[in-house]
Amino acid sequence: MNIEELCRLYALPAEVAEALRGAGIEGLYPPQEAAIAAGALEGESLVLAAPTASGKTLVAELAMLHSVLVRGGRALYMVPLRALASEKYEDLKAKYAPLGIKVGLATGDYDRVDGRLADHDFLVLTNEKADSLLRHRASWLLEGLSLVVLDEVHLLADPSRGPTLEVLVAALRHVRPDLQLLALSATIRNAEELAEWLSARAVVSDFRPVPLKSGVYLAGELLLSDGTRKRVAGELGPVFDLVLDVIQEEGQALVFVSTRRSAQALARKLARPLARLLPEEEKEGLAELAAKIERALDEPTPVCRELAACVRAGVAFHHAGLHHTQRRAVEGAFRARLLRALCTTTTLAAGVNLPARRVIIRDVRRYQAPYGSIYIPALEFHQMAGRAGRPGLDPYGEAVLVAKDEEDRDELLVRYVLAPPERITSQLATAGALPAHVLGAIVAGYARSPAGLRGFFSRTLLAHQFGVERLEVALAESLAFLCEEGMVRKWQGRLLPTPFGELVARLYIHPVSAVTLRDGLAEGERVGLTELALLHLVAHTPDMERLRLRRADLEELPGLLQREEFLVPVPEPGARGYREFLAELKTALALAAWISEAPERELHRRFGLGPGDTYRLREEAEWLLYAAQRIAGLFGFPLGPLPVLRTRVRYGVREELLELVRLKGVGRVRARALYTAGFTDLAKVAAAREEDLARVPHLGPGLAQSIKRQAESLVEA
DNA sequence: CACACGATCATCTAGACAGCATGTC
DNA sequence: CTAGATGATCGTGTG
């Protein structure tokens, strides 16, 4: 069926066909035909399980278009990552805004709204954002809602974030039992079971527009799943030979390794042989990219320099410690084929779409405390392998595992190449996420009695797979905890949220975090609140990621332990929770360094933090400090340094710069530069001459004009 | 004697969602 | 489900 026929058949306007043709789409792939035959455009709920790039997205988009243009409804598109949300938003907007469709984006860090979010036809959200909006009883979210697309539903199997998705789905179906759901996933083993859970039909396909061959490499020979063998020349070592081989055939290589250090080391080692293959005319573009990467930070760290050096040779590494502009730069350059090889951790396995002809999976084991190194799941292998083959550029894709010996080769074949991915099973009972979701259900009004609670949770995947009885005990325990801590109270057989419970659900923090903050702040009322104690308190909550301890930390940190007055009991050395406490202290010290304007270089040296890590740490701390402030307000505790601390964490500055960072275009670096140049407050900036401001380092004429004007109006106000 | 290369040993380990109110270098 | 790569340090061999 071609696009025009399809549009006619389902009463979609002709402009839709035009728009799709404009995007290079002419006909439908088999899984797309199957999804439409199964009722994707007739309000039918589906679980669509098919490989990456098999066109699941187009099915979703057609259903969304149909939903809005024909049925007059609205559609939500939910994804697990912010990066995916903004990618999807940009894509939908470019394609369909010209048709008059209003596209919106809502994630924790970003709301892109023209007018009200409620007015949008298509709204792209992260799962958590959608969950949060429901807890805020944002009724507009559901108004006229006819379709919800759930992208990457295999996230259900993730212990930390699967439960949210599961409960979100339960909530949507609780509120709108008739809602059409379109669950998208890469190939999964139990698509039928998930479909049953969702009262949907399963559409399963292994179609790929670019054929995928996966196999194992050993001693110059690539043994592929289809039984064929392929020789690969070279003598530099398996990974080197595989990379150089595909580059010589004008393809690109994506190498997955298990640690950041390995990603960097491998890229560094590849740089020399790759530089030799580099055509002269590409050197300039790479040099520009390298310069951009070094400019990403005010003062380049050793990691920045290393990345820049690799990039000059046409290779790069990629992991979550990089600054987001560096990540984007690397991704863009790889997509533009400027970079020939990319060594990466799992950031790229599930993240933005970045295919390569040959995907090399060097490490299949990953360290996981307290077990040691364990095999990654087959699901993860399939995700990485799915990156092989660029549509339109590569005739085929190759996913290659690297074996150490023959025994290893057989193991890899059995465990990964020939193995289906694991079943998706509910993680709702295992991760300790239940109290948050029980509170959420009560606050959102889905459950107002113990029986209602059971009823609500009977819609979860866990109940579908194991029976709701499996949850009985955990539900009762969660409820007891919430009642005891004053977030929920029982009244005449009903469950009612207290103001504390309401606040906690809306702040979207874990109830245990809320209790930690409340009790810590109460203690603070007695002993006083110091900056470090507050930073430690947020680092003590389960919502905060802790820094890892290194050997040297075990010698240094205990010395700092006695000197501070903490808001939670300090464990004795060797006692349970002692090392955890040290990790919290280290995290707090890193935040303290950040707000005392330690440069990235120092954060990297002292704490092993890359710019990307600092960003996340800062974001989490700011969120929890805000939560602490609200909780203090609710209970009438003194705020102490909380409000100032929160702003300082946000900008990474000492207190004396707080006035200056209010200026748009001024962050920690420029604020410090202004301060050093004698412009120590807004009044001085307002009174300054533009040309004097423009001479301050990191400022130019444009910014000078802008901040002078802002300062004038702020001073006036 | 300088340097390349190899053996030995200690060290260390992936990623990323959420509030609120608006913009870094 | 309980390892293995990296990189510093020291030792050995070679031109």
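Naming convention: chains lettered A, B, ... in sequence-line order (proteins, then strands); numbering from 1 in each chain.
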Look at E87(A) together with R82(A) and state whether they make a salt bridge at an N to O cut-off of under 4.0 Å. no
Base, sugar-phosphate, or nothing for S160(A), non-hydrogen atoms under 4.0 angstrom? nothing
Describe the nucleic acid contact of Y626(A) in one word from base, sugar-phosphate, nothing, applying a heavy-atom distance below 4.0 Å. base
Does K292(A) pair with E288(A) as a salt bridge, N-O distance under 4.0 Å? no
Position toward the 5' end of DNA chain C (nearest nucleotide), Q368(A) or K404(A): Q368(A)
To the nearest Å, give me how far apart CG (L624(A)) and P (dA18(B)) are. 13 Å
With heavy atoms under 4.0 Å as the rule, sort V666(A) into base, sugar-phosphate or nothing. sugar-phosphate
What does L663(A) touch in the nucleic acid at a heavy-atom separation under 4.0 angstrom: a base, only the sugar-phosphate, or nothing? sugar-phosphate
If we check side-chain hydrogen bond (donor to acceptor under 3.5 Å, both in side chains) with D553(A), which of these qualifies: K586(A), R579(A), R548(A)? K586(A)
With a 4.0 Å cut-off on heavy atoms, is R672(A) in touch with a base, just the backbone sugar-phosphate, or nothing at all? nothing
Roughly, in whole Å, what's the span from CZ in R548(A) to C1' in dC12(B)? 9 Å
Could you state the NE2-C1' distance from H136(A) to dA18(B), rounded to the nearest angstrom? 9 Å
Residue whose closest nucleotide on DNA chain B lies nearer the 5' end, R161(A) versus L549(A): L549(A)
NA contact type, T107(A), heavy-atom cut-off 4.0 Å: base, sugar-phosphate, or nothing? sugar-phosphate
Rounded to whole Å, CZ of R365(A) lies from P of dT13(B) at a distance of 19 Å
Measure up the F500(A) and F635(A) rings against each other and bin them: parallel (under 30°), tilted (30 to 60°), perpendicular (over 60°). perpendicular
By nearest atom, which of the nucleotides dG19(B), dG7(C), dC17(B) is closest to the E622(A) side chain? dG19(B)
Counting just side-chain N and O atoms, does S132(A) come under 4.0 Å of either OP1 or OP2 of dG19(B)? yes
Please determine whether a side-chain nitrogen or oxygen atom of R506(A) lies at a distance below 4.0 Å from atom OP1 or OP2 of dA18(B). no
For R618(A), answer base if it contacts any base atom (sugar-phosphate contacts may also be present), sugar-phosphate if it contacts only those atoms, and nothing otherwise; contact means non-hydrogen atoms under 4.0 Å. nothing
In terms of side-chain heavy atoms of E620(A), which of dT6(C), dA18(B), dG15(B) is nearest? dA18(B)
Using Watson-Crick or G-U wobble geometry with both distances under 3.5 Å, which nucleotide pairs with dA10(B)? dT6(C)
Using atom CD1 of I631(A) as one end and atom P of dC20(B) as the other, report the distance to the nearest whole Å. 13 Å
When you check the phosphate oxygens OP1 and OP2 of dT24(B), does a side-chain N or O of Y651(A) lie under 4.0 Å from one of them? yes
Of the listed nucleotides dA18(B), dT24(B), dA5(C), the one nearest the side chain of R261(A): dA5(C)
Map R668(A) and W623(A) onto DNA chain B by nearest heavy atom, then report which one ends up closer to the 5' terminus. W623(A)
To the nearest angstrom, the CE-P distance between M544(A) and dA16(B) comes to 16 Å
How is R646(A) classified with respect to the nucleic acid when contacts are heavy atoms under 4.0 Å: base, sugar-phosphate, or nothing? base
With a 3.5 angstrom cut-off on both distances, give the Watson-Crick or G-U wobble partner of dC1(C), or none if there isn't one. none
For the pair R260(A) and D613(A), find out whether any cationic side-chain nitrogen is under 4.0 Å from an anionic carboxylate oxygen. yes
Is there a side-chain contact between S262(A) and the phosphate of dT6(C), meaning an N or O under 4.0 Å from OP1 or OP2? yes
Please determine, for dA18(B), whether a Watson-Crick or G-U wobble partner exists with both distances under 3.5 Å, and give it or none. none
Which is true for T346(A) with a 4.0 Å heavy-atom rule: it touches a base, it touches only sugar-phosphate, or it touches nothing? base
State whether a side-chain donor-acceptor pair under 3.5 Å links S513(A) with T516(A). no
dA18(B) base / E619(A) side chain donor-acceptor hit below 3.5 Å: no
Within the structure, does a side-chain N or O atom of R82(A) lie under 4.0 Å from either OP1 or OP2 of dA18(B)? yes
Base-pairing mate for dG13(C) - Watson-Crick or G-U, with both contacts under 3.5 Å: dC3(B)
What nucleotide among dG15(B), dG19(B), dA5(C) has an atom nearest to a side-chain atom of R362(A)? dA5(C)
Nearest listed nucleotide, side chain of R550(A), among dC17(B), dC12(B), dC20(B): dC12(B)
Taking only side-chain N and O atoms of R551(A), does any of them lie within less than 4.0 angstrom of OP1 or OP2 on dC9(B)? no
Hey, is the side chain of T164(A) poking within less than 4.0 Å of OP1 or OP2 on dC17(B), counting only N and O atoms? no
Quick one: pull up CZ in R366(A) and CD in E380(A) and give me the separation to the nearest 0.5 Å. 4.0 Å
Looking at CG of L348(A) and CG of L354(A), how far apart are the two atoms once the value is rounded to the nearest 0.5 Å? 5.5 Å
Regarding L297(A), tell me which of base, sugar-phosphate or nothing describes its non-hydrogen contacts under 4.0 Å with the strands shown. nothing
Between CD of Q629(A) and P of dA21(B) the distance, given in whole Å, is 12 Å
Across the strands shown, which category fits R630(A) at heavy-atom distances under 4.0 angstrom: base, sugar-phosphate, nothing? nothing
Let me know the distance between CZ of R260(A) and C1' of dG15(B), rounded to the nearest Å. 8 Å
Under 4.0 Å from OP1 or OP2 of dA18(B): is there any side-chain N or O of T126(A) that close? yes
Using the C1' atom as the point on both nucleotides, what is the distance between dC17(B) and dG4(C), in whole Å? 31 Å
Please report the distance separating the P of dA14(B) from the corresponding atom of dA5(C), rounded so that it comes out in whole Å. 15 Å
Would you indicate what H510(A) reaches in the nucleic acid, counting non-hydrogen atoms under 4.0 angstrom: base, sugar-phosphate, or nothing? nothing
Looking across every strand, which nucleic acid part, if any, lies under 4.0 Å from R295(A) by heavy atom: base, sugar-phosphate, or nothing? nothing
side-chain hydrogen bond (donor to acceptor under 3.5 Å, both in side chains) with R546(A): which of E580(A), H540(A), E584(A)? E580(A)
What is the nucleic acid contact for G351(A), judged by heavy atoms within less than 4.0 Å: base, sugar-phosphate only, or nothing? nothing
